[in-house]
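These figures come from a predicted structure and were not determined experimentally. Any value given below was found using the heavy atoms of this structure, including those in side chains, with hydrogens, waters and symmetry copies removed. Proteins come first, then strands; the chains are lettered A, B, ... in the order of their sequence lines, and each starts at number 1.
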There are 2 protein chains.
Amino acid sequence: MREHASDVMQDYLKNIYLINRENEGQVSTSDLAMKMGVSAPTVTSMLVKLGDKGFITYEKYKGAKLNTEGEAIALEILRHHRLIERYLVEFLGYDWSEVHEEADVLEHHISEELERRIANALGNPKYGLYGAPIPSEDLTSIAKDETTKLGEHSAGEIVVIERVKENYIGSENAPRTRDSEELQYLAEIGIIPGKQVKIESVAPFGMIKVSNEKGEHSLPKEVSMSIHVREI
Amino acid sequence: MREHASDVMQDYLKNIYLINRENEGQVSTSDLAMKMGVSAPTVTSMLVKLGDKGFITYEKYKGAKLNTEGEAIALEILRHHRLIERYLVEFLGYDWSEVHEEADVLEHHISEELERRIANALGNPKYGLYGAPIPSEDLTSIAKDETTKLGEHSAGEIVVIERVKENYIGSENAPRTRDSEELQYLAEIGIIPGKQVKIESVAPFGMIKVSNEKGEHSLPKEVSMSIHVREI
DNA sequence: GATCTTATTTAGACCTATCTAAACATATAT
DNA sequence: ATATATGTTTAGATAGGTCTAAATAAGATC
C-alpha cells in the first residue's frame, strides 16, 4: 500500500533522482530549487513532507536522498517520460527537440494501462531517444547509460552526439520553459543526435569549442555537460 | 488575451456545456455538483469565480450559462477528449469501454501541437467514437449529433447502439470513477456500439426493457437516456 | 579561531479547491 | 396562503503548494 504522491511530489522525486545521477551523494535544496524553478523555502517544506511520507531521507542542512519507495516513483515517472518521448517521435512525427516539454507534462497523467500500451507499441524498449535508458516495467532495474558527456572530452577528439539536455544543472536560472528554445538553437548549429562534432579546444571556465559542417561553436560548460556523446 | 482557466475550471466549463446539451436552459448547481462529484457549496464558489473571469453568466439561484469565452474552452476540452478517445481506440488498440477515463485526464494536458498531430493522424475527423461530434479546430462549429436516445424510443422499435454514456445526469451519486465499470457491464449484456437491440416495453418510472442475442435486460431511465442510438 | 559569505531553514502570508454545518430562497402541497 | 420540502448560498475550516523576509547554520577566509 504505497503512500500517495501528488503530481508535484512526483516531480520532486524525479528531479532528486536525476540530480543524484549527475552528482553522487545527497541532493541539495538549492539544486532542487533551481531544477524545479521554485524558491528554496518551498523546497525545504516539500522535503519535510516527502520525508514524512517515507519517500526520501532528509536531514536538515544535509540534503535529501531517495529511499526505496521514492526511487520507485522516480523511476516510474522517468519510464513514462522516456516512453512518451520516444512514442511521440516514432508515431506522431515529432522532432526530437520538441518532445521534452510535452513529456514533462504527460508523464504524470498516463495510466498504467496506457504506459503498457505505449511500451508495447514501441516493442518494450530498454532505451529511449538516443540511448537514454528506460527503467523496466517492474521498476527494479535500469540499463546502464553508455554515453559520456561532451564536456568531459579533450581537444582533438571526435564524438557522435547521442542526446541533448533532458536535464540541466548548474546554470543561474533554468526553469523548464527555456528548454525547448535552447534545443532548437542547438539543432540549428548542428548539435543533433547522430551527427558528429570535433572538439577543437577547451577554453578557460570549461568553455568548449567544437566544429562540424555548420562551422565552429563555443558552448558553456553547463551546456556541454548536458550533451551526451559517444566517442568515435 | 484569454483569461487563464485552471484544469479544474476547464472541467467545470466542459460539464456545464455537456449538461446544457442535454437540458436546455441554465445549468443548476446540483446537476453540476453531481456531475463533478463535489459538494454543492464547492460549485457555488466556483461559479462565482468563473463568472468573475467572464467565462459564464451566473445569477444566484438561477444557475449558470456559458458565454463565448467559456464555450470556447469547453469546446476545446471536448475536442481533446474526443480526439484522444478515438486515437486510443484506433492506434493503441483500446476497447471503446476503457477510453473515457483516460481521456478525461489527458484532455487537460495535451498541447495544441499534440492535439494537431493526433487530429492529423486520424485524418482531421468531424466525428469521434460512434458519431460523437468533434468541435472544429477553430472552436467555432460542431457537427450536429444525429443520434437519438434509447430512452426516447417506444416498444417494438429496433435501434442500433451508437455510443454509450460519455456523460451521465440524474442519478443519485455518479462520480467519474464508476463509469468504466458500468460501461463494462453494458458491454457484457451486449449494449455495444454497432449492435442492435429491440425495445420490448417501457415500464413505469421510465424503466425500459430491451432484448438482443444476450437475452432481455431492463435499464433504468438515467441509463437509457445516456445511450445514443440510431433507428433502423 | 573570529569573521564574513553563502546556503538553508523558520515564520508568516496567500491562493486554489475542497469540505461541513447552518442560514436562507424557491418551489410544492395542502 | 401558509407550511413543508428541496435546492442554494454563506460562513468558516482545511490541505496542498507556493512566496518573501528574516533568522540561523555551515563553510570559507584571513
Angle between ring planes, B/H109 versus A/H109, binned at 30° and 60°: parallel, tilted or perpendicular?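 Parallel: the ring planes of B/H109 and A/H109 meet at under 30°.
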
Quick one: is [N] close enough that its OP1 or OP2 comes under 4.0 Å of any side-chain N or O from [X]?
X	N	answer
A/T44	C/dT9	yes
B/Y12	C/dT18	yes
A/K60	C/dA7	no
A/S28	C/dA7	no
B/T42	C/dA17	no
B/S39	C/dC19	yes
B/Y58	D/dT9	yes

Kindly determine whether B/E102 and B/Y94 satisfy side-chain hydrogen bond (donor to acceptor under 3.5 Å, both in side chains), including the steps that lead there. CA-CA 10 Å; B/E102 194 86 58; B/Y94 270 86; 3.0 Å; yes

What's the [atom1]-[atom2] distance between [X] and [N], to the nearest Å?
X	N	atom1	atom2	answer
B/M46	C/dA17	CE	C1'	6 Å
B/M9	C/dA17	CE	C1'	9 Å
A/L47	C/dT9	CG	P	7 Å
A/Q10	D/dG17	CD	C1'	15 Å
A/K62	D/dT24	NZ	C1'	17 Å
B/K49	D/dT9	NZ	P	14 Å
B/K53	C/dT16	NZ	C1'	10 Å
A/H108	D/dG17	NE2	P	12 Å

Less than 4.0 Å between a side-chain N and a carboxylate O, is that true for A/K65 and A/E71?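 No, no charged N to carboxylate O under 4.0 Å.
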
Go through the steps for B/H80 and B/H108 under the test side-chain hydrogen bond (donor to acceptor under 3.5 Å, both in side chains), then give the verdict. CA-CA 8 Å; B/H80 289 181; B/H108 304 291; over 6 Å; no

Among [options], the one nearest [X] by side-chain distance:
X	options	answer
A/S30	D/dT8, C/dT8, D/dT18	C/dT8
A/S6	D/dT9, C/dT8, D/dG17	D/dG17
A/V38	D/dT8, D/dT18, D/dA25	D/dT18
B/P41	C/dA11, C/dA7, D/dT10	D/dT10

Shortest non-hydrogen contact between B/I56 and B/L47, atoms and distance: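 Taking B/I56 first and B/L47 second, the nearest heavy atoms are CD1-O, 3.5 Å.
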
Over all strands shown, is A/T29 touching base, sugar-phosphate only, or nothing at heavy-atom distances under 4.0 angstrom?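 Sugar-phosphate contact only.
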
